[in-house]
Number of protein chains: 2
Amino acid sequence: MTPKRELIKGSSSSLLLCLIEQQPMYGYQIIKEMESRSQGYFNFKEGTLYPALHRLEKAGLITGQWQMLPNGRPRRYYYITTRGEAKIAAERVQWQDFLTAIRLIIKPAST
Amino acid sequence: MTPKRELIKGSSSSLLLCLIEQQPMYGYQIIKEMESRSQGYFNFKEGTLYPALHRLEKAGLITGQWQMLPNGRPRRYYYITTRGEAKIAAERVQWQDFLTAIRLIIKPAST
DNA sequence: TATTATACCTAGCAACTCCAGGTATAAAGC
DNA sequence: GCTTTATACCTGGAGTTGCTAGGTATAATA
């Protein structure tokens with residue numbers, strides 16, 4: 001079950017948006033959540049995740065807010081924005097189109 | 001219907017293998033075939049396709065053979081190899097695993 | 001006291017798509 | 001006859017994004 005790097009590449013930002021839409025999360029939590037939900041399949045590295053979050057924030061699809069824990073340590077929680085929600089909707093369509101196109105290649109319609 | 005570049009990225013080599021498995025093809029034909037079968041969705045550029053074919057050949061998954069047309073112009077036909085067929089089977093499994101993992105993220109199982 | 005878990009971050013390499021360009025012949029339009 | 005389009009191959013460099021490997025720091029556990 002070697003996760004295919006290149007498959008993940010095309011969908012990681014969409015997955016992040018989906019997760020954060022369901023519930024505001026911070027980076028470290030996202031890594032753990034991805035891993036546990038996918039039963040170990042996704043294993044995002046920090047070097048992948050943090051830059052990705054920064055890109056999403058820069059694009060205005062999520063917004064991060066520092067929150068202090070009782071013990072004084074800060075965490076950066078990310079929230080979905082209106083634009084992020086729109087993006088998710090658009091990507092859902094893209095995914096469908098993509099899957100449809102793939103199917104047409106593997107099982108060509110009788111011409 | 002903007003095809004998502006990064007989605008394609010992860011599956012282009014698998015798609016090429018699938019096409020060539022169905023029928024030996026040459027580069028230019030593959031571009032046209034991809035486009036017509038997918039109703040315009042896939043629109044591989046030459047700068048994408050030819051290097052990809054070379055990579056697949058180098059990896060021993062396909063094998064190319066020059067063939068002379070009656071008019072004297074050469075074409076390079078690519079054939080699937082045994083190893084290429086094995087690869088296709090493996091990638092089918094990877095795809096299923098990937099899709100399963102995705103579903104677990106977008107629709108988490110009740111915990 | 002040492003290790004692990006939590007929590008953030010960046011720099012640089014690698015992989016792959018695309019743009020843009022190059023080469024060359026055949027067919028079709030004017 | 002000449003020009004454009006289609007056919008058919010190719011490469012170099014830029015852009016995007018994942019991963020490795022490293023850094024910083026605190027809290028909990030062994």
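A note on names: the letters A, B, ... follow the listed sequences, proteins ahead of strands, and every chain is numbered from 1.
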Exercise. Any side-chain N or O of A:R75 under 4.0 Å from OP1/OP2 of C:dA7?
Worked result: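 Checking A:R75 against C:dA7: at least one side-chain N or O falls below 4.0 Å of OP1 or OP2.
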Classify the nucleic acid contact of [X] as base, sugar-phosphate or nothing, counting any heavy atom under 4.0 Å across all strands shown.
| X | value |
| --- | --- |
| B:G27 | sugar-phosphate |
| A:K45 | base |
| A:Q29 | nothing |

For this session: Please examine the side chains of A:L56 and A:Y78, heavy atoms only from C-beta on, and report whether any two atoms are closer than 4.5 Å.
Result: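 A:Y78 does not reach A:L56 side chain to side chain.
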Exercise. Do A:Y41 and B:F98 have side-chain heavy atoms sitting under 4.5 Å apart?
Worked result: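 Yes - at least one pair of side-chain heavy atoms lies under 4.5 Å apart.
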Please determine, for the side chain of [X], which listed nucleotide ([options]) has the closest atom?
| X | options | result |
| --- | --- | --- |
| A:W66 | D:dC19, C:dC9, D:dC10 | C:dC9 |
| B:Y28 | C:dT6, D:dT7, D:dT11 | D:dT7 |
| B:Y26 | C:dC18, D:dA8, C:dC9 | D:dA8 |
| B:R55 | D:dT17, C:dT6, C:dT17 | C:dT17 |
| A:E46 | C:dC18, C:dT10, C:dC8 | C:dC8 |
| A:Y50 | C:dT6, C:dC8, D:dT7 | C:dC8 |

Report the distance from atom [atom1] of [X] to atom [atom2] of [N], rounded to the nearest whole Å.
| X | N | atom1 | atom2 | answer |
| --- | --- | --- | --- | --- |
| A:H54 | D:dG18 | NE2 | C1' | 15 Å |
| B:I31 | D:dC10 | CD1 | C1' | 12 Å |
| A:K58 | D:dT17 | NZ | C1' | 14 Å |
| A:Y77 | C:dT6 | OH | P | 13 Å |
| B:L49 | D:dC9 | CG | C1' | 11 Å |
| A:Y78 | C:dA7 | OH | C1' | 12 Å |
| B:L53 | D:dT11 | CG | C1' | 14 Å |
| B:L56 | C:dA15 | CG | P | 15 Å |

Exercise. Are any of the side-chain nitrogens in B:K87 or B:E21 under 4.0 Å away from the carboxylate oxygens of its partner?
Worked result: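 Answer for the salt bridge query: no.
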N/O donor-acceptor pair under 3.5 Å between [X] side chain and [Y] backbone:
| X | Y | answer |
| --- | --- | --- |
| A:S11 | A:S14 | no |
| A:T63 | A:Y79 | no |
| A:S38 | A:M34 | yes |
| B:Q22 | A:I105 | yes |

For this session: Give me the bend of the helix from C:dT1-D:dA30 to C:dC30-D:dG1, using the axes of the five pairs at each end, rounded to 10°.
Result: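 Axis angle across the helix from C:dT1-D:dA30 to C:dC30-D:dG1, nearest 10°: 10°.
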Problem set entry | Donor on one side chain, acceptor on other, A:R76 and A:Y26, under 3.5 Å |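 The answer is no; no qualifying pair exists.
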